[in-house]
Amino acid sequence: MPDLAAPGLVLSPTASVGRDVRFGANVVVHDGVVIGDGVTIQDGVILGKSPALHARSTAPRLDGAPLVIEAGAAICAQAVVFAGAHIGAGAVIGDQSDIRERSRIGAGSVVGRGSCVDNDVRIGERVRVQTNVYLTAYSVVEDDVFVGPCAMTTNDDTMARHAPGTPLRGATLHRACRVGGGAVLVPGVEVGEEAFVAAGAVVTNDVPPRALVMGVPARVVRQVADEELLERWT
Amino acid sequence: MPDLAAPGLVLSPTASVGRDVRFGANVVVHDGVVIGDGVTIQDGVILGKSPALHARSTAPRLDGAPLVIEAGAAICAQAVVFAGAHIGAGAVIGDQSDIRERSRIGAGSVVGRGSCVDNDVRIGERVRVQTNVYLTAYSVVEDDVFVGPCAMTTNDDTMARHAPGTPLRGATLHRACRVGGGAVLVPGVEVGEEAFVAAGAVVTNDVPPRALVMGVPARVVRQVADEELLERWT
Amino acid sequence: MPDLAAPGLVLSPTASVGRDVRFGANVVVHDGVVIGDGVTIQDGVILGKSPALHARSTAPRLDGAPLVIEAGAAICAQAVVFAGAHIGAGAVIGDQSDIRERSRIGAGSVVGRGSCVDNDVRIGERVRVQTNVYLTAYSVVEDDVFVGPCAMTTNDDTMARHAPGTPLRGATLHRACRVGGGAVLVPGVEVGEEAFVAAGAVVTNDVPPRALVMGVPARVVRQVADEELLERWT
C-alpha cells in the first residue's frame, strides 16, 4: 500500500499509485496520474496539473493523456509536472522545476533544480540537465547530452509576430553533446553529436559534430579530442 | 459562493473573494486580498504576502495597499504575489513566479513561469513576459512588449555603493519592443518603440525606436522592417 | 512557546524550535532541524530536506549534520533549505530559493529570490546575493561581496567527463568584490578583492584585485576608483 498517511496529501481517486511509493508532505496528485512502483514524491510536489492556457498561447490543448511516472523515478521538492508528461524509469526531476504537457524525460535522466522543460520537449536517456536551465517548446535532447546550468534555448525568431500555425523551432541537441553554463541558443539551432559549446556562448548557427565553439556569436575554435569522447567516460 | 471547500485553503477573514473563483489545493490568502470574479488560483499559490524586508533593503515599506486581482485573471501553481500588487483583468501569472509589492500587471498580460517582477514595476497591457525573466525594481514595460525567456535587467550601476536615497533606475521597454532571450540590460536603459534586441545581447546604451541591435555590447545592425511591425500582427 | 497553531505545519518531533519563532502556513520541518530564537519561517517553506541523490551525483552523502538556523534569520516563502546547511544570524533566504547540504550562509547575508546555493558553498557575512543567482558547488563567497541578479558560476570544465574523485572547482569571490547581473564565471575563477565584473561579462580568467572587467571574454578596462571602495560606503 502507498503511504497514504502523508500529511496534507491530496490524491485524486482516479490516480494510480504503485507499490512502495513514498510521498512527502503537502503533495497534490490530480486526476489520472499514473505513479509507478518505487517512485519518490517529495514535499510540495504538484502532479498532473492541467495546462491552463492563455487564450493567446500557441501550445496545443491537452489531448487527455495522463502524466505517467515510471518506476523508481524521483520528483523532488515543489516540482510541478503537468498532465500529459512522461517521466522515465529512474529519472530525477529536481526541486522547484516545471515539466510541461507532452514532454518526455528518458530513463535515468536528471532535470536540475529550478529548470523548466516546456511543452512538447523530448529528452533522451541519461541526459543531465543542470540547474536553472530553460528548454523551450519543441526542443529535442538526445541521449547522453549534458546541459550546463542556466543554459537556455529559444524557438521563435519573430517573438510572436508570425502567421497562425507557423511551427516553432526549438533546439536540437544531438547525442552526447555538451552545452556550457549560461549558453544561449537561437531558434532551430542544432548542436552536433559530441560537440561542445563553451560557457556563455551565444549559438547562432548549427554546431558541427565534435566541434568546440565559444564566444558571441559562437565560432568553432577546435575539435573535441578523442580522449574527451563519451566512450572514454562510461 | 467561492469554492471554500478547496483542500488546505488558508483564507484570511479580511480577504474578499468574488463570484466563480476557483481555488486549487493548499492556497494561502493573506489579509486584505481582493479577488475578482472568475479568477483562477492554482495549487500552492500564496497571495498577499507582506514584504519581509531586510534592514538594508532599499525598497520602501508597504503603504498598506492590498493585493488586487481583477476579474478573469489566473494565478498559476506556486506563484507568490505580494500585498500591494495589482493584477489586471485576464492577466496570467505563471507557475512559480514572484510578483512583488506595488507592481502592476496590465490587463491581458502574461508573466511566464518562474519569472520575477520586483517591486514598483509597471507592466502595460498585452505584454508577454516569457519564462525565467527578471524585471528589476522600477522598470517600466509598456503595452504590447515581448520579453524573451531568461532576459534580465539591472538597476544599480554601483551595486549598492551609493548615497542613501539615490534613485535606482530600472529598464524602460517602450511600446511593442521585443527583447530576445537571455538579453542583459544595464541600469536605466531604454528600448525604443518597436525596437528588437537579439537573443544574448548585452544592452549598454539606449536602443532607438525600430532599431535592431545584437552583440556584446549591443550595436544597431538594421531597422525593423515594415512587415514586422505590430500593426501587421494584431 | 512557538506558534504551533500555524495552519498545515508539519513539524518533526526531533526538530528544535527557539523562542518567538513565527511560522507561516504549510511549513514542513524535517528531523533534527534547529531553529533559533526569533526566526521567521514563511509560507510553504521546507526545512531540513534530506539530500535525495541521484546515483551519478558527485555530491558527498549527508554526514548527518542537521540544518541549523541562527537567531533572527528569515526563511522566505517556498524556500527549500537542506539538512546540513547553516544559516547565520539575521540572514535572509529569499522566496523560492534553494540552499543545499553543507552550505553556510554568514550572518547578515541575503540570498535573493529564486537563487540556488548548491552543496558545499561557503558564503561570508553581509553578502548580498541578488535574484535568480546560481552559486555552484564548492564556491566560496567572502564577506561583503555583491552578486548581481542572474549571475552564475560553473565548476566542471569537462561537463562530467573526468575521473572519479576529480575535485570540482567552484568560483571564489574575494572580499567586497562585485559581480554584475547576468555574468558567467567559468570553473575555478577567482575574482579579487574589491574587483568589479560588469553586467553580462563572461569571466574566463582570474580577475585581479580592484580590476574592473567587462566583455566576452572579460578584459580589464580600468581600476576601481578609491571613492568606490567599500570603506566609503559602510
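Below, chain A is the first sequence line, B the second, and so on; all start at residue 1. Heavy atoms only: backbone and side chains are in, while hydrogens, waters and symmetry mates are out.
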Proximity breakdown for C/Val186 and chain A, heavy-atom pairs closer than 4.5 Å: side chain
Just wondering, are more than 12 heavy atoms of other shown residues or ligands nearer than 6.0 Å to CZ in C/Arg122? no
Using a 4.5 angstrom heavy-atom cutoff, name the option from C/Val216, C/Val80, C/Asn26 with the most pairs to chain A. C/Val80
Using modelled atom types only, decide if a donor and an acceptor are shared between the side chain of A/Gln78 and the backbone of C/Val45 within a distance under 3.5 Å. no
Mind jotting down which residue pairs meet the salt bridge (Lys or Arg N to Asp or Glu O under 4.0 Å) criterion with at least one end in residues 146-159 of chain C? Sequence neighbours excluded, please. C/Asp157-C/Arg169
Contacts of C/Arg222 that satisfy salt bridge (Lys or Arg N to Asp or Glu O under 4.0 Å) - sequence neighbours left out: C/Glu228
Determine, step by step, whether C/Cys116 and A/Gln96 satisfy the side-chain contact (heavy atoms from CB on, under 4.5 Å) criterion, reporting the C-alpha distance in whole Å, the side-chain angles of both residues, the deciding distance to 0.1 Å, and the verdict. CA-CA 10 Å; C/Cys116 179; A/Gln96 303 169 324; over 6 Å; no
At a heavy-atom separation under 4.5 Å, does A/Ala73 approach chain C through its side chain, its backbone, both, or neither? neither
Using a strict cut-off of less than 4.0 Å between a Lys/Arg side-chain nitrogen and an Asp/Glu carboxylate oxygen, indicate whether A/Glu231 and C/Arg161 qualify as a salt bridge. no
For chain A, which candidate among C/Val10, C/Ile46, C/Val28 shows the most heavy-atom pairs at distances under 4.5 Å? C/Ile46
At a heavy-atom separation under 4.5 Å, does A/Arg113 approach chain C through its side chain, its backbone, both, or neither? side chain
Nearest-0.5 Å distance that lies between atom OH in C/Tyr134 and atom CG in A/Asn132: 8.0 Å
Scanning both residues in full, the closest heavy-atom pair of A/Ala199 with C/Val184 reads CB-CG1, 4.1 Å
Scanning both residues in full, the closest heavy-atom pair of C/Lys49 with A/Ala77 reads NZ-N, 4.1 Å
For C/Thr153, which atoms come within 4.5 Å of any heavy atom of chain A: side chain, backbone, both, or neither? backbone
Proximal component of A/Asp43, with respect to chain C [non-hydrogen, under 4.5 Å]: both
Under 4.5 Å to a heavy atom of chain C? For A/Leu230 that would be both
Can you say whether A/Val179 sits under 4.5 Å from chain C via the side chain, the backbone, both, or neither, judging by heavy atoms? backbone
What is the distance from atom OG1 of C/Thr158 to atom CZ of A/Arg178, rounded to the nearest 0.5 Å? 7.0 Å
Show, in sequence, the C-alpha distance, side-chain angles and deciding distance for A/Asp95 and C/Phe82, and conclude whether the side-chain contact (heavy atoms from CB on, under 4.5 Å) test is met. CA-CA 11 Å; A/Asp95 288 357; C/Phe82 281 57; 3.4 Å; yes
A/Gln130 CD to C/Thr136 OG1 distance, which is reported to the nearest 0.5 Å: 8.0 Å
For C/Ala163 and A/Trp233 the tightest heavy-atom approach is N-CZ3, 3.4 Å
